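Heads up, the thing below is written out as structure tokens.
This structure is a prediction, so every number in the text was calculated from the model and none was measured. Per chain, numbering begins at 1; letters A, B, ... match sequence-line order.
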There are 2 protein chains.
Amino acid sequence: MADRPTTIYDVARAAGVAPSTVSRAFSRPGRVNAETAERIRTVAAELGYRANPQARALSTRTTSMIAVLLADIGNPVFSEVARGAEEAAAEAGYAMVLADTRESAGRERELLDKILQSVDGVLLASSRMSDTAVRQVAKVKPTVVLNREVGGLPSVMVDHGRGMRRAAEHLAALGHKQVTYLAGPEAAWPDGVRWRALRDARTELGITVRRVGPVAPTLNGGVRAAAAWAAHPTSAVVAYNDLVAIGFMRGVQTMGKEVPQDVSVIGFDNTPSAEIVTPGLTTVAAPQRALGSRGVRHVLAFVGGARSSSTEPLLLPTKLVTRASTGPVAGRS
Amino acid sequence: MADRPTTIYDVARAAGVAPSTVSRAFSRPGRVNAETAERIRTVAAELGYRANPQARALSTRTTSMIAVLLADIGNPVFSEVARGAEEAAAEAGYAMVLADTRESAGRERELLDKILQSVDGVLLASSRMSDTAVRQVAKVKPTVVLNREVGGLPSVMVDHGRGMRRAAEHLAALGHKQVTYLAGPEAAWPDGVRWRALRDARTELGITVRRVGPVAPTLNGGVRAAAAWAAHPTSAVVAYNDLVAIGFMRGVQTMGKEVPQDVSVIGFDNTPSAEIVTPGLTTVAAPQRALGSRGVRHVLAFVGGARSSSTEPLLLPTKLVTRASTGPVAGRS
DNA sequence: CAACACGCGGCAACCGATTGCCATACGGGA
DNA sequence: TCCCGTATGGCAATCGGTTGCCGCGTGTTG
């Protein structure tokens, strides 16, 4: 920790060549005589030589690092995204700088300010910044946004609309005629998409829909939503996410009603809790991991100089996972 | 994205001073005349100047980045650690490079090889490497390990022993005389600590203990453990972690037995699932977030040049969270 | 009035790797 | 035998900050 790391100069001296030759031995195979290169590599290994990334970055203007910003790493949805991102980054030989914006656009700006110059590209997993702010960032480094559309910027999204559609179809098939949607935060982009998809499915599926909320995207938010729902009960409820759905079930149960006998419940995200709760929660699973990895690969493609014309958003499919929280409407087998 | 960022040279020219003066205006307040500094700062702001971190790093040998390595970011335990680490890092003006070792010592080595030179310090949250390998890393950069003791290296740990002790006391108070421990992976350091703590509590609490496993630290591992336990049932079970505990409860329930009437169950970690499962899981909560933030602060203290003598491991307290999965032993009120 | 201290800005040498350009040597073709 | 292309290695500039040292000008002190 005390002595300085070995540099190409050390290696050069030990191998009896010029520093430039050492550099080329590593980065330009073929440019250097095979034997010389071999000798240099041996000496370098003996000395434990490791290229200094900062020095390299200074002249090449690339850092082999990529920034991933998300709203809350503690949220299992995002931690899956982070994992996918890390996998894709590692596979491409990039390191991941992870920043948690804690749901704040201000923090997000500050963080970007700090790390933007240190990375080759940026993945905004759940940006709370304005479109213009996001575009500003994209002007400096290749940027990809997740689950959001910012005009002209590449993005990767989960097909929430289709997921909601599937959920509605599932409920309709079970005979449900009225569906309540427990809405999430207004700022959350997927929320609007889902609600619209549900509304659009009305006539075709012959159902009526109601919207309650916005509801805090937490367990307690769901519990409170149960009270609101009780004022105008419907036989089926779709919640903004699993946590709300689970809270809702809990609220309903404490009111003495049963799931799914009295009300069918569907969540979003398929978090681990959905499997563990009683009854098991039917939920729309999104490929969060894939979202992260595709996002990073997308960023890296742009770093590699892809045409910025490939700007149509990438849509990832969802999957309805049916469990015990949904059942036929009361009075039907 | 095309045009190069402004440098101190641009600012210097625009402000009519030398580059060195610009540099000092930012990094040496007081070294430059207040008015000059102000003028430089104004010009810099107009030009949108932002110091190039690589260039700075090259001469200062510090990067304002810290590496955090963990075994699996998808695991809620680790994602909490990551969040705590990120918070502490951000607060100190450091960025966090997060790497997921996927439980592999080999990957861990490779990752470190790549990023070690880019960071000022390292936090090993759940290293799978050998002690010597860890020490090797610590020789290059300030390193702190979490939940592990590597002779001579600073570490932060959760007081698992005490947590287990509390769990045992809780069970003893409920009248349980026999406790089964569902052991986790042998490589997991906390596992040994917990088992030893349980054994050490035997005589004082007047209980007998058994050990089953190692069990895969998953839901299914718990389910299978239920079968093993059924061969020699005890009235109380402590599991390696919440997931195993929940799987165990599920396994027991499918065998037609009830929790806690037939068997009391305690988990470790207090993950969100512990609250959601039915019955609610009594579990030993560890301050994972604090673990991450303390870890990072510890690393940064060493970066700042703390005496490496402060090598006694930091112990963080646990807390027993009692829920419905534990109750009095059968035949007692 | 001379000597000196101090405030403040500039010069230039780093930090370590990359890379355009030149120099040398060697082999082949005319 | 002479010319030229090619393989190979070295020189030196460059990336953008940082910092030791010097020098100038002003104010203070003996």
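The separation between B:F26 atom CZ and D:dG16 atom P is 16 Å, rounded to whole Å. The CZ-P distance, from A:R24 to D:dA7, rounds to 15 Å in whole Å. Between B:N33 atom CG and D:dG25 atom C1' there is a gap of 13 Å when expressed in whole angstrom units. The CZ atom of B:R13 sits 14 Å away from the P atom of C:dG10 (whole-angstrom rounding). One can place CD1 of A:I8 at 12 Å from C1' of C:dC15, the figure rounded to the nearest angstrom. What separates CD of A:E35 from P of D:dA7 is a distance of 16 Å, to the nearest Å.
B:S23 comes within 4.0 angstrom of a nucleotide base, judged by non-hydrogen atoms across all strands. As judged by a 4.0 angstrom heavy-atom cut-off over every strand, A:V17 is placed among residues touching the sugar-phosphate backbone only.
Residue-to-nucleotide proximity on DNA chain D shows that, of B:Y9 and A:G30, the 5′-proximal contact is made by A:G30.
Using a 4.0 Å cut-off between charged side-chain N and carboxylate O, B:D120 and B:R61 make no salt bridge. Under 4.0 Å is where a charged nitrogen must lie from a carboxylate oxygen, and between A:R102 and B:E86 at least one such pair does. At a threshold of 4.0 Å, the pair A:R128-A:E108 does not count as salt-bridged, since none of the basic side-chain nitrogens sits closer than that to a carboxylate oxygen.
Contact check, A:T21 against D:dG10: a side-chain N or O comes under 4.0 Å of OP1 or OP2. Side-chain N/O atoms of B:R4 include one lying less than 4.0 angstrom from OP1 or OP2 on D:dC15. Within the structure, a side-chain polar atom (N or O) of B:R28 is placed less than 4.0 Å from OP1 or OP2 of D:dT19. Phosphate proximity of D:dG17 to B:S20: absent, as no side-chain N or O sits under 4.0 Å from OP1 or OP2.
For the pair B:R109 (side chain) and B:M129 (backbone), a donor-acceptor distance under 3.5 Å is absent. One N or O on the side chain of B:T143 and one on the backbone of B:K141 form a donor-acceptor pair closer than 3.5 Å.
Proximity of residues 47-61 of chain A to DNA chain D (heavy atom under 4.0 angstrom from any strand atom) is restricted to A:L58, A:S59, A:R61.
A 6.0 Å sphere centred on CZ of A:R107 holds more than 12 heavy atoms belonging to other residues, nucleotides or ligands.
When ring centroids are compared, A:Y49 and A:Y9 stay outside the 6.0 Å threshold.
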